[in-house]
Trainee: 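Before I ask anything, here is the structure I am working with.
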2 protein chains.
Amino acid sequence: MRARTNGKAGGRPGGMSRGGASIQDVAREAKVSIATVSRVVNQPTLVTEETSSRVRDAIKKLGYVPNAYAQGLSGRGGKVLGIVLPDIFGEFYSELLRGADGEARRLGYHLLVSSDAHDHGHPTRTENLAFGLIDGLALMMTEPNVELWRETLDAALPTVVLDAEVSEPGVDSVSVDNTEGTREATEHLLSTTPPDRCFFVGGPKENFDTKARAEVFCATLATAGRPCTEPQVSCGEYSVDWGRAWGRERQRGAGLKGCAVLAANDEIALGVMQAAQEAGLRVPEDLKIVGFDDTRLATLVRPSLSTVRVPLQDVGAAAVRLLVERVTDSEKPATRMKVGTKLVIRESSR
Amino acid sequence: MRARTNGKAGGRPGGMSRGGASIQDVAREAKVSIATVSRVVNQPTLVTEETSSRVRDAIKKLGYVPNAYAQGLSGRGGKVLGIVLPDIFGEFYSELLRGADGEARRLGYHLLVSSDAHDHGHPTRTENLAFGLIDGLALMMTEPNVELWRETLDAALPTVVLDAEVSEPGVDSVSVDNTEGTREATEHLLSTTPPDRCFFVGGPKENFDTKARAEVFCATLATAGRPCTEPQVSCGEYSVDWGRAWGRERQRGAGLKGCAVLAANDEIALGVMQAAQEAGLRVPEDLKIVGFDDTRLATLVRPSLSTVRVPLQDVGAAAVRLLVERVTDSEKPATRMKVGTKLVIRESSR
DNA sequence: GCGCGGCTTGAAAGCGTTTTCACGAGTTAT
DNA sequence: ATAACTCGTGAAAACGCTTTCAAGCCGCGC
């Protein structure tokens, strides 16, 4: 690399540019030592009001902002949290992220976001690089992935896992308790529809939530005296397209009329609804539909979508909170947090 | 000074925990100097294959990952970009963010996301902290805000502005050229509806895009020989609620039937559509509606929404690309980029 | 009147990298 | 055979900050 602007003089070299004044400059300007400047910023009580005010003036005058790298290096951590999601697209992640972002801000942390996990949560090399940068990592794992585990644990980084239960010591987790909501939803459908006309349309087969929801769905049907048969549970992906495809398929087959569908998320539910409407069926009269997640989508469509509410923002916020707690106190025993789910009845299943 | 964990011995002090081995450890393990280790990592050609291999073994054995803070401090920058949006909620930002994230990954950068701008793009103190951390800042400014400007410019940080045209030297911008799309959309509505029954329902009055779109809308009406009257353009906010409120209001008044609406975004359009449907009107037969942005929402609702396509992902990606270019070469002349817009006709206006 | 504790401040040691500079060992040119 | 290079490596400075330790100064009590 070329000449690295040593002092203040001269234009900035090549690509570098981070402008600002350093703590040195402030110290010089205020005629105190850098230690004092640091104290004014971090522990103001230790400094005389007179000195303090002089330093603050200097800071303001020079527009001084502490260099986060230096802070990070010198031990106080950079106040940065990483969050890795399978994707950052769509209402679902959007909501999760919003919760995380809000909480992070509240706690004075920054969020390094990455949807790197295209390959099922496996951080790339790039991601690794950031591992030195972040104080903790919130990782969403929707499917089992041992390899990733090892890597993360080896990094000895405070970690919280989203949407997956884990048993590693020292790793917190926030996951969704699908039981209650799924059961409620299934019973709700059963109240108007015979068990053999109830269907569960899931996301990816390996997905933790889809699996859990399917299970509870079947269990509830069984309780109602009608163990579910193979074709009553289908898996695909979390998309409108898949829901629509399933709906069309079913319509071509035995028909959708008089059926009830519990979808593994709102998008799938929406797809099914579209397929029904295409076929001239009325929702909810001809077909009951219940979604999952209660994303904004559910209230945006007509008929509005009954759905199982998952407090996504809370999940995001809780993850960040847990993470910060662990970052601040690494001895803290692992917390396994579960957020509940609850049926919200709207028009699509009434 | 107390035992500030010099070597590897002892428990870590206080809240610290960043695990890994340091370059020192690797050097010791491989029996070389830290300089050599650094070279193996960054400029492998400078080192003998033999030494290099020994070092690589050590690195692997110790699970060494360079500390990003140290790297940042010593001048190579941390490969982190900041992106500040008014919010990170909803399809609009979601899409933008996705574009940015993808491009950032491609270029080997990380994204520090913040929706801090609740107060109209004014970064909080927290935000400021990160300014030392990031190599560049992508800032979405939907409304004029001089104060923020000053602060950002003072930070002498490579900056790219989203969705706002600026004239500061050395500041790139990516904005949306609303002209073409808005004109197309307006003409499209005029082709079925008399000018005096055409309405523009905008977002916040001060919002750049809303202003631009309203202007083109009026201009196009004027060209059609019917300068638009005051009540034909209304402003509110970018929300379904506002669209619905406008729709109800209008329905209570002169009625929506036979009208045509151009909304400033898809959400507003959706709101208007809901109001119409509530009133028993059919879309598009009784009321034509065209939205803006072409978010996923537009294809998800029934009838599907005609809308003006704004390549949001491209905007995000372009912002990141420009930013990285500027970070790498601060002398580069400022780029003012404009992405075009284009009418997409779907069911709601046919 | 002298020592002692409290309060404010400064000096300096890291933190983990990158990068420059210098140095010895081969290699090549004279 | 010696001077002039090149190549591979190590020592050390610099990055900007936090924090510990020590020192100076004050007022207090004995």
Trainee: List the residues meeting side-chain contact (heavy atoms from CB on, under 4.5 Å) with A:Asp163, not counting sequence neighbours, and say none if there are none.
Mentor: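 Partners of A:Asp163 under the side-chain contact (heavy atoms from CB on, under 4.5 Å) test: A:Met140, A:Thr142, A:Val176, A:Asp209.
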Trainee: Mind checking what makes salt bridge (charged side-chain N to carboxylate O under 4.0 Å, His left out) contact with A:Arg54, not counting sequence neighbours?
Mentor: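 Salt bridge (charged side-chain N to carboxylate O under 4.0 Å, His left out) check on A:Arg54 returns nothing, list empty.
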Trainee: In this structure, how many angstroms lie between the P atom of D:dA12 and the CD1 atom of B:Ile23, rounded?
Mentor: 16 Å
Trainee: Could you check how far NZ of A:Lys79 sits from P of D:dT18, rounded to whole Å?
Mentor: 12 Å
Trainee: Going by number, which of residues 30-41 of chain B have a non-hydrogen atom under 4.0 Å from DNA chain C?
Mentor: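 B:Ile34, B:Ala35, B:Ser38, B:Arg39 - these, ordered by number, are the residues of the stretch whose heavy atoms sit under 4.0 Å from the strand.
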Trainee: What residues form a side-chain contact (heavy atoms from CB on, under 4.5 Å) with A:Ile23, not counting sequence neighbours?
Mentor: A:Ile34, A:Val37, A:Ser38, A:Tyr64
Trainee: Considering residues at least two apart in sequence or located in another chain, which fulfil the side-chain hydrogen bond (donor to acceptor under 3.5 Å, both in side chains) criterion with B:Gln43?
Mentor: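 Not a single residue meets the side-chain hydrogen bond (donor to acceptor under 3.5 Å, both in side chains) criterion with B:Gln43.
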Trainee: Using side-chain hydrogen bond (donor to acceptor under 3.5 Å, both in side chains) as the criterion, list what pairs up with B:Ser53, not counting sequence neighbours.
Mentor: none
Trainee: Write down the distance between CD (B:Gln24) and P (D:dA12), rounded to a whole number of angstrom.
Mentor: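 These atoms are roughly 13 Å apart.
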Trainee: Taking salt bridge (charged side-chain N to carboxylate O under 4.0 Å, His left out) as the definition, give me every residue that meets it alongside A:Lys61, ordered by chain and number, with sequence neighbours left out.
Mentor: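 Residues passing salt bridge (charged side-chain N to carboxylate O under 4.0 Å, His left out) with A:Lys61: A:Glu29.
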Trainee: Using a cut-off of strictly less than 4.0 Å between a heavy atom of the residue and any atom of DNA chain C, enumerate the qualifying residues of residues 43-53 of chain B by number.
Mentor: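 Residues of residues 43-53 of chain B under 4.0 Å from DNA chain C: B:Gln43.
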Trainee: Residues in salt bridge (charged side-chain N to carboxylate O under 4.0 Å, His left out) with A:Arg39, at least two apart?
Mentor: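 Checked A:Arg39 against salt bridge (charged side-chain N to carboxylate O under 4.0 Å, His left out); zero matches.
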Trainee: Tell me, please, which residues at least two apart from B:Arg336 pass side-chain hydrogen bond (donor to acceptor under 3.5 Å, both in side chains).
Mentor: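 Partners of B:Arg336 under the side-chain hydrogen bond (donor to acceptor under 3.5 Å, both in side chains) test: none.
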Trainee: Looking only at side-chain N and O atoms, does B:Asn42 come under 4.0 Å of OP1 or OP2 in C:dT18?
Mentor: yes
Trainee: Tell me if a side-chain donor or acceptor on A:Asp135 pairs with a main-chain N or O of A:Lys79 at a distance below 3.5 Å.
Mentor: yes
Trainee: Decide whether B:Arg56 and B:Ser52 meet the rule of one side-chain donor and one side-chain acceptor closer than 3.5 Å.
Mentor: yes
Trainee: Looking at A:Gln71, does any N or O in its side chain come under 4.0 Å of the phosphate oxygens OP1/OP2 on D:dG16?
Mentor: no
Trainee: Rounded to whole angstroms, how far apart are CG on B:Leu73 and C1' on C:dT19?
Mentor: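 Going from B:Leu73 (CG) to C:dT19 (C1'), I get 14 Å.
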Trainee: C:dT18 C1' sits how many Å from A:Tyr69 OH, rounded?
Mentor: 14 Å
Trainee: Should A:Tyr109 and A:Val320 be marked as a side-chain contact (heavy atoms from CB on, under 4.5 Å) after you check the CA-CA gap, both sets of side-chain angles, and the distance that decides it?
Mentor: CA-CA 9 Å; A:Tyr109 277 74; A:Val320 167; 5.8 Å; no
Trainee: Could you tell me whether A:Glu103 and A:Arg106 have a side-chain N and a carboxylate O separated by less than 4.0 Å?
Mentor: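 Looking at A:Arg106 together with A:Glu103, the answer is yes, because their closest N to O distance falls below 4.0 Å.
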Trainee: When the distance from CZ of A:Arg28 to C1' of C:dG10 is rounded to whole Å, what number comes out?
Mentor: 16 Å
Trainee: Each nucleotide N or O in nucleotides 22-27 of chain D that has a protein N or O under 3.5 Å away: list the pair and distance.
Mentor:
none

Trainee: Through what angle, rounded to 10 degrees, does the axis of the helix from C:dG1-D:dC30 to C:dT30-D:dA1 turn between its ends, using five pairs per end?
Mentor: 50°
Trainee: Using side-chain heavy atoms (C-beta onward) and a distance below 4.5 Å, is A:Ile59 in contact with A:Val41?
Mentor: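 Contact flag for A:Ile59/A:Val41 side chains = yes.
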